[in-house]
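Remember, it's a predicted structure, so these values are computed and weren't measured experimentally. In what follows, chains are A, B, ... by sequence order, proteins preceding strands, each numbered from 1.
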Protein chains: 2
Amino acid sequence: MDDTEQRILDAALRVFASEGFTGATTRRIAEEANVAEVTLFRKFKSKKNLLKEVLINNRTVFSSMEDLFQLFQNEKDVNLETELRILGKNIAKAMRDKKKDSKRRMFMFMLFEEGRRRPEVSEALSSFLQMNIKPLSEYFDLQIKNGKMRTTNSRSAAITFVSYFVYTSLLREVFGDSFFGEHDEEIERFIDIFTKGILKAEEK
Amino acid sequence: MDDTEQRILDAALRVFASEGFTGATTRRIAEEANVAEVTLFRKFKSKKNLLKEVLINNRTVFSSMEDLFQLFQNEKDVNLETELRILGKNIAKAMRDKKKDSKRRMFMFMLFEEGRRRPEVSEALSSFLQMNIKPLSEYFDLQIKNGKMRTTNSRSAAITFVSYFVYTSLLREVFGDSFFGEHDEEIERFIDIFTKGILKAEEK
DNA sequence: CATGTAAGTAAGTAATTACTTACTTACATT
DNA sequence: AATGTAAGTAAGTAATTACTTACTTACATG
């Protein structure tokens, strides 16, 4: 992969993420990448095509959720609740630490908007989301098999889990940390509800 | 309220929702409202100001969640799980039936994007979200007091609940119904997890 | 040295867009 | 009949934007 091309792709990711597809200008992207605007067109033909290439370029990088799961592949005797708590905090940590991730998250967010109008975009988005949900529901299936988790639809459980993290990280992005309190405490509370439910014991 | 003004506000809501703020043109909005473009500027001065007025105009209408809760104010002896199941299905039904709601949801979605750049927008969005979360967590507080729900942070419970519905309705909007199965079944499964948790009884 | 390649510079085109100005039409109130 | 008001028509302005063309510079390779 060309260095100049890569720099343009990275810049495009950033600018698309912060301005949206319509709001992003090729001039801004070129500026961000430190190339002449014309170079951008020579390499990528059109703005539309650039978006497509950014998507392809980041397809593997987006699957960060998959990496997080490799942590658990070996450890077998750990408590499920503890494991999820660790997973949740790792996700939160990844979101906090890496500024790159914030850009990616916002880029994804932009894809939601753009996906409503452009089928190729929604397709790319769909396969990315599946990439997050699939390993998680496979993990849940395993836990059910191991008798650590009660029999529920594993995909529904995965969606519930992912919903929370997507939604709250979105809110944190828009409102800063003012909307919630401390990250880890909030996650503790979610995991508590997710694992034990909200009902009183005798009501079940 | 002026009839023409209202027609412009309604049209603006629709166009902002489907095109985003940047993508929406004043020409399109005027067309949708069946007025001359110049009328739009006479009444609302600028595109920015129009967005602001749309926000103000819809502030009360957005609080649909509040209405849904009035259903429960009187019934006291119903099972909490059943109640939540009904609430969930009502939300889903409202989303399915009313086409207006789809526009509002998409408008809200656009606000997330726009809110990152414009503080007035994120402010309006914040107060709207509070409007959804507040009655729900008050409801949970009541249930805890009545001994039907175990002691958890009611706000965290509300956010978990809302996360699921916001996220899945977003996905349905972008991907159609292909991403999930039947609406009601999916909700049943979520409520099951939300109320009972995912752990096996002996693991708690 | 000669040639090819990747990049920049500069200027420009055609379309779009938010917004303005000047004037007209239709209707309602005094 | 006279006046005010809310709307339309038409034309235009200044800026922006995606994208193009023509030419130049720098560098690497044969």
Side-chain angles (χ1 to χ4, degrees), chain A residues 1-57 107 110-111 113-121 124, chain B residues 1-57 107 110-111 113-121 124:
Chain A
M1 177 67 67
D2 202 281
D3 176 62
T4 314
E5 270 177 43
Q6 192 55 51
R7 252 167 43 232
I8 295 172
L9 288 169
D10 290 345
L13 179 70
R14 288 198 299 276
V15 178
F16 282 146
S18 80
E19 311 292 328
F21 180 77
T22 319
T25 68
T26 50
R27 191 182 299 172
R28 254 298 300 281
I29 294 169
E31 239 168 61
E32 276 267 326
N34 277 317
V35 295
E37 200 182 352
V38 74
T39 306
L40 184 156
F41 282 101
R42 265 197 288 249
K43 298 260 179 198
F44 297 98
K45 283 188 171 179
S46 73
K47 191 182 166 188
K48 279 185 185 185
N49 188 59
L50 178 59
L51 174 64
K52 200 173 140 193
E53 297 290 335
V54 172
L55 239 46
I56 292 166
N57 189 248
F107 180 75
M110 182 224 80
L111 291 183
E113 266 263 57
E114 202 55 27
R116 284 156 48 211
R117 287 183 285 270
R118 302 165 54 95
E120 338 99 69
V121 175
Chain B
M1 178 67 68
D2 203 280
D3 175 63
T4 314
E5 270 177 44
Q6 191 56 51
R7 251 167 44 231
I8 294 172
L9 288 169
D10 290 345
L13 179 70
R14 288 198 299 276
V15 178
F16 282 146
S18 79
E19 312 293 326
F21 180 76
T22 320
T25 69
T26 50
R27 190 182 299 171
R28 253 298 301 280
I29 295 169
E31 238 168 60
E32 276 268 325
N34 276 316
V35 295
E37 199 182 352
V38 74
T39 305
L40 183 156
F41 283 101
R42 265 198 287 248
K43 298 259 178 200
F44 296 98
K45 284 187 170 180
S46 73
K47 190 182 166 187
K48 278 185 186 186
N49 188 59
L50 178 59
L51 174 64
K52 200 173 141 194
E53 297 290 335
V54 171
L55 239 46
I56 293 166
N57 189 249
F107 181 75
M110 182 224 79
L111 291 183
E113 267 263 55
E114 201 55 27
R116 284 155 48 211
R117 287 182 286 270
R118 301 165 54 94
E120 337 99 72
V121 175

- Which nucleotides of nucleotides 9-28 of chain C have their base under 4.0 Å from a protein heavy atom (B), which only their sugar-phosphate (S), and which neither (-), written as one string 5' to 3'? B-------BSB-B-------
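- A:Glu32 has a carboxylate O that lies under 4.0 Å from a charged side-chain N of A:Arg28, or vice versa, which qualifies the two as a salt bridge.
- Inter-axis angle, ends of the helix from C:dC1-D:dG30 to C:dT30-D:dA1, five pairs per end, rounded to 10 degrees: 0°.
- The list of ring-ring contact (aromatic ring centres under 6.0 Å, His included) pairs with a residue in residues 7-31 of chain B, not counting sequence neighbours, reads B:Phe16-B:Phe21.
- Here A:Asn49 lies out of heavy-atom contact (under 4.0 Å) with every strand.
- Residues meeting the salt bridge (Lys or Arg N to Asp or Glu O under 4.0 Å) test with A:Arg7, sequence neighbours left out: A:Asp3.
- Contacts classified as ring-ring contact (aromatic ring centres under 6.0 Å, His included) and involving residues 34-55 of chain A (residues at least two apart or in different chains) are not found.
- With sequence neighbours excluded, the residues that form a side-chain contact (heavy atoms from CB on, under 4.5 Å) with A:Ala30 are A:Val35, A:Glu37, A:Leu40.
- Counting heavy atoms from C-beta outward, B:Asn57 and B:Leu13 have side chains that stay 4.5 Å or more apart.
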- Message: Evaluate A:Leu50 against A:Ile8 for side-chain contact (heavy atoms from CB on, under 4.5 Å), listing each step before the verdict.
- Response: CA-CA 9 Å; A:Leu50 178 59; A:Ile8 295 172; 4.1 Å; yes
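- No option in A:Thr26, A:Ile29, A:Thr25, A:Asp10 other than A:Ile29 meets the side chain to side chain contact (heavy atoms under 4.5 Å, CB included) test with A:Val15.
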